[in-house]
Each structure stands twice: as structure tokens, then as C-alpha cells.
Novice: 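Below is the structure I would like to discuss, written out as C-alpha cells.
Quick note: numbers below take in every heavy atom, side chains included, and nothing from hydrogens, waters or symmetry partners.
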Amino acid sequence: PCDARSGKILLAARQLNCVHAAAVFIASLDCKSIFLKDVQSEVFFRAQFVRGSASDVVAVVNAYTEWKQASSKYKWCQMNGVSMPAMQQVAGVTDDLLQVLGHREDAERNLSKFDTAHCSACKTKVGMHSCVTGGSSESIHAAICAGMGRKVAYRAPTIGISSSTKISFVLSDKSSTYSSIHRSSLVTDPSDWIVFCDQMISPSGAQTLSSVANINLCTALLFSTWTKFYIGDGTVIIGNGIGVKLHPQTLVALRKLKSYWEASLIQDTTTLGEHFIQIISQLIAM
């Protein structure tokens with residue numbers, strides 16, 4: 001019961017063991033913002049859930065996790081600048097998605113364990129992580145990259161540009177205008193590659209990106225659906241505008257991994273194999 005992009009994110013997240021985090025984030029996109037809309041207070045309250053992850057995705061998932069565990073959910077919302085009706089709406093959509101995927105009972109069991117236990121993936125307590133039911137922040141970012149397809153951007157060169165100038169990004173669709181990250185985003189120190197969910201254009205024509213997460217080059221190459229591999233000259237083209245030079249043998253290996261990954265989604269294989277997941281996890285965490 002969702003659009004094609006969200007459905008693919010969920011299928012990818014199931015393979016990467018982060019389906020609960022993906023369901024929460026997708027639900028948050030379909031619902032109004034869980035954070036109260038005064039811009040200054042919104043950024044202030046959201047920032048406490050980022051935990052140094054440089055990810056708007058992590059902030060939403062962490063907030064949901066803490067809210068789910070709160071004994072008095074209404075009081076918790078008041079203290080953290082969160083909308084109770086919006087959070088209830090996110091919870092309803094999340095439960096529906098997990099029910100369809102057959103993960104709702106597993107998610108509830110895992111959440112109940114976090115009161116005293118540490119997360120097995122990121123070794124931190126409840127509210128301090130992004131994975132909820134396993135996986136990592138890199139995994140959920142990779143799943144989003146798989147679903148969002150062309151919504152990948154590369155940090156524009158800053159040669160000859162003042163350090164005070166706003167950081168700009170080149171979109172994979174080769175837009176003529178550079179884009180910057182929206183001021184409401186919590187990603188203040190972006191990496192060279194990002195994945196984003198929303199793009200806005202102001203009346204003046206300026207483009208800004210929101211719901212942003214940092215990714216690395218391997219994540220962009222393996223999970224973006226808009227890539228072309230040219231083995232002969234060692235080039236990968238992402239979208240219409242971004243070219244990357246790599247060693248031909250590296251390209252062959254990446255293309256095989258990407259082919260294996262895409263086949264698993266098409267065939268709806270629920271288990272890729274531990275060794276394959278380890279390789280993927282190491283690449284996207286580099």
C-alpha cells in the first residue's frame with residue numbers, strides 16, 4: 001500500500017536487515033512533519049536525535065524509537081517539540097507496512113528488548129541508534145538510494161570559491177542549476193555524495209534539497225538505478241551528468257555485485273547470504 005519508490009525501499013531494506021527503520025521513514029514522508037513547524041525550534045529539537053550521524057533519516061527514526069518507548073507519549077512530545085497527532089499517524093502507517101511485510105511482530109519483540117539491552121548492530125542503547133531491528137545507518141541510506149534511483153547528488157568543486165559560500169551539489173540528472181541543502185536539514189557537514197528525497201525550487205529559481213543523508217561512492221554505484229558501466233575505459237556514468245573513473249577490474253567486480261543485488265530484488269529472494277551481506281556492508285561503510 002505505497003508508491004513504487006517506497007515499495008522498492010522496503011524490499012531493499014528487508015535484504016539489508018533494516019526494514020523497520022525504512023518503514024518508519026517512509027511513513028514520515030507520507031505524513032506531515034512529526035516536528036513542530038517553528039523553523040528555529042524544529043531544527044533545535046530534531047538535532048538531538050541525529051547523534052552525529054549527519055542524516056535527516058536517522059533523526060526521524062531515532063525520534064520515533066524514543067517516542068515508542070516513552071511511558072507518557074504526550075508528555076514526551078511536549079518536551080521534545082514533536083506533534084503527537086503526526087507521530088500517531090506515522091505509527092499507524094508503519095504498522096500497516098510492517099504487517100504487509102510480515103515484520104510487525106518481530107519489530108515489537110525487538111523494541112521491547114531495548115529497555116535494558118544494547119542494539120546488536122550499533123552497540124548503543126535505545127534512542128541512540130538508527131537501526132531499531134538490526135542493520136546500520138549506512139544500510140538504511142543504501143535502501144533509500146535503491147528506491148530513490150536518480151535522487152543522488154555530488155558535491156560541486158569549490159576551487160576558487162570563498163569558504164563562506166554555501167555548499168552546492170551537482171544532481172545526477174545534470175540540472176543546469178546547482179542545488180544546495182535546505183536550511184531545515186540537519187546535514188550541516190555533507191560528504192561528497194548524498195541521497196535526497198525532496199527537491200524544492202524557489203520563485204527565484206534556486207534549488208534546495210531536503211530529507212538528506214550522506215552516502216559514499218560505493219553506495220551510489222551499487223544502489224543507484226541510473227548507472228552505466230564502461231569497462232573498456234574504466235568509467236561509470238551516474239545519471240546524465242556525473243562520471244567516475246575507476247580501475248577496470250574494480251568496475252567488473254562492482255558490476256557483478258550490482259547485478260547480483262538487482263536479481264535478488266526482482267526474484268524477491270529473502271536471503272542473500274551472510275557473505276554477500278558482509279561484502280555490501282563493508283563497502284557502504286567505507
Novice: When you compare the side chain of Pro190 with that of Asn214, does any pair of heavy atoms fall below 4.5 Å?
Specialist: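 Sidechains of Pro190 and Asn214: in contact.
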Novice: Nearest 0.5 angstrom please: Met87 CE to Thr94 OG1, how far?
Specialist: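 Nearest 0.5 Å value for the CE-OG1 distance: 9.5 Å.
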Novice: How are the rings of Phe223 and Trp261 set relative to one another: parallel (under 30°), tilted (30 to 60°) or perpendicular (over 60°)?
Specialist: perpendicular
Novice: May I ask whether Val252 and Ile279 are part of the same hydrophobic cluster, defined by side-chain heavy atoms of I, L, V, M, F, W, Y residues being less than 4.5 angstrom apart, directly or through others?
Specialist: yes
Novice: With a 3.5 Å cut-off and no angle check, do the side chains of Thr219 and His141 form a donor-acceptor pair?
Specialist: no
Novice: Below 4.5 Å, heavy atoms only, C-beta onward: do Leu246 and Leu221 meet side chain to side chain?
Specialist: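 When only atoms from C-beta onward are counted, Leu221 and Leu246 do touch, with a gap below 4.5 Å.
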Novice: Is there a side-chain contact between Val152 and Cys145 (heavy atoms, below 4.5 Å)?
Specialist: yes
Novice: Which heavy atom of Gly147 sits nearest a heavy atom of Arg5, and at what distance?
Specialist: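 It is O-CG, 3.4 Å.
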Novice: State, with a plain yes or no, whether a side-chain heavy atom of Lys68 is found less than 4.5 Å away from one of Trp76.
Specialist: no
Novice: Between Leu29 and Ser211, does the side chain to side chain contact (heavy atoms under 4.5 Å, CB included) criterion hold? Intermediate values first, please.
Specialist: CA-CA 9 Å; Leu29 293 177; Ser211 296; 4.0 Å; yes
Novice: Return the OG to CD distance between Ser72 and Gln78, rounded to the nearest 0.5 Å.
Specialist: 8.0 Å
Novice: Hey, which of Val195, Asp198, Val187, Ile194 is the one that makes side chain to side chain contact (heavy atoms under 4.5 Å, CB included) with Leu209?
Specialist: Ile194
Novice: Provide the closest heavy-atom pair for Gln89 versus Cys31 in the form atom of the first, atom of the second, distance.
Specialist: CG-SG, 3.3 Å
Novice: Would you say that Ser139 contacts Ile284 through its side chain, given a criterion of any heavy-atom pair below 4.5 Å between the two side chains?
Specialist: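 Yes; the side chains approach each other to less than 4.5 Å.
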Novice: Do Trp193 and Ile238 come within less than 4.5 Å of each other through their side chains, counting heavy atoms only?
Specialist: yes
Novice: I'd like to know if the side chain of Asp56 pairs up with that of Ser185 as donor and acceptor (distance under 3.5 Å, no hydrogens or angles considered).
Specialist: yes
Novice: What distance separates Phe229 CZ from Ile237 CD1, expressed to the nearest 0.5 Å?
Specialist: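 Phe229 atom CZ to Ile237 atom CD1 measures 11.0 Å (nearest 0.5 Å).
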Novice: Check Ser224 against Lys258 and note the closest heavy-atom contact, atom names and distance.
Specialist: O-NZ, 2.6 Å
Novice: According to a hydrophobic-cluster definition based on side-chain heavy atoms being under 4.5 Å apart (Ile, Leu, Val, Met, Phe, Trp, Tyr only), do Met200 and Val212 belong together?
Specialist: no
Novice: For Ser179 and Gln199, work out which heavy atoms get closest and say how close.
Specialist: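 Looks like OG-NE2, 4.4 Å.
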Novice: Taking all non-hydrogen atoms of both residues into account, name the closest pair between Thr225 and Ala146 and its distance.
Specialist: CG2-O, 3.7 Å
Novice: Quick check: closest heavy atoms across Ala143 and Ile9, and the distance to 0.1 Å?
Specialist: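 Looking at all heavy atoms of both residues, the closest pair is O-CG1, 3.6 Å.
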Novice: What is the distance from atom OH of Tyr154 to atom CG of Asp192, rounded to the nearest 0.5 Å?
Specialist: 5.0 Å
Novice: Backbone N or O of Asp3 within a donor-acceptor pair of the Lys8 side chain at under 3.5 Å?
Specialist: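 Absent.
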Novice: Look at the side chain of Ser259 and the backbone N and O of Lys256, then say whether any donor-acceptor pair between them is shorter than 3.5 Å.
Specialist: no
Novice: Are side-chain heavy atoms of Met148 and Phe196 found at a separation under 4.5 Å?
Specialist: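 Counting from C-beta outward, Met148 and Phe196 never come under 4.5 Å.
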Novice: Within this structure, what is the CD-OH distance for the pair Gln88 and Tyr74, rounded to the nearest 0.5 Å?
Specialist: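 Those atoms lie 10.5 Å apart.
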Novice: So does Lys228 have more than 12 non-hydrogen atoms from other groups sitting under 6.0 Å from NZ?
Specialist: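 Counting other residues, nucleotides and ligands, NZ of Lys228 stays at 12 neighbours or fewer.
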Novice: As an exercise, state the distance from SG of Cys218 to CG of Leu257, rounded to the nearest 0.5 Å.
Specialist: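 Interatomic distance, Cys218 SG to Leu257 CG, rounded to 0.5 Å: 9.0 Å.
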Novice: Evaluate the side-chain proximity of Leu251 to Val236: yes if any heavy-atom separation is below 4.5 Å, no if none is.
Specialist: yes
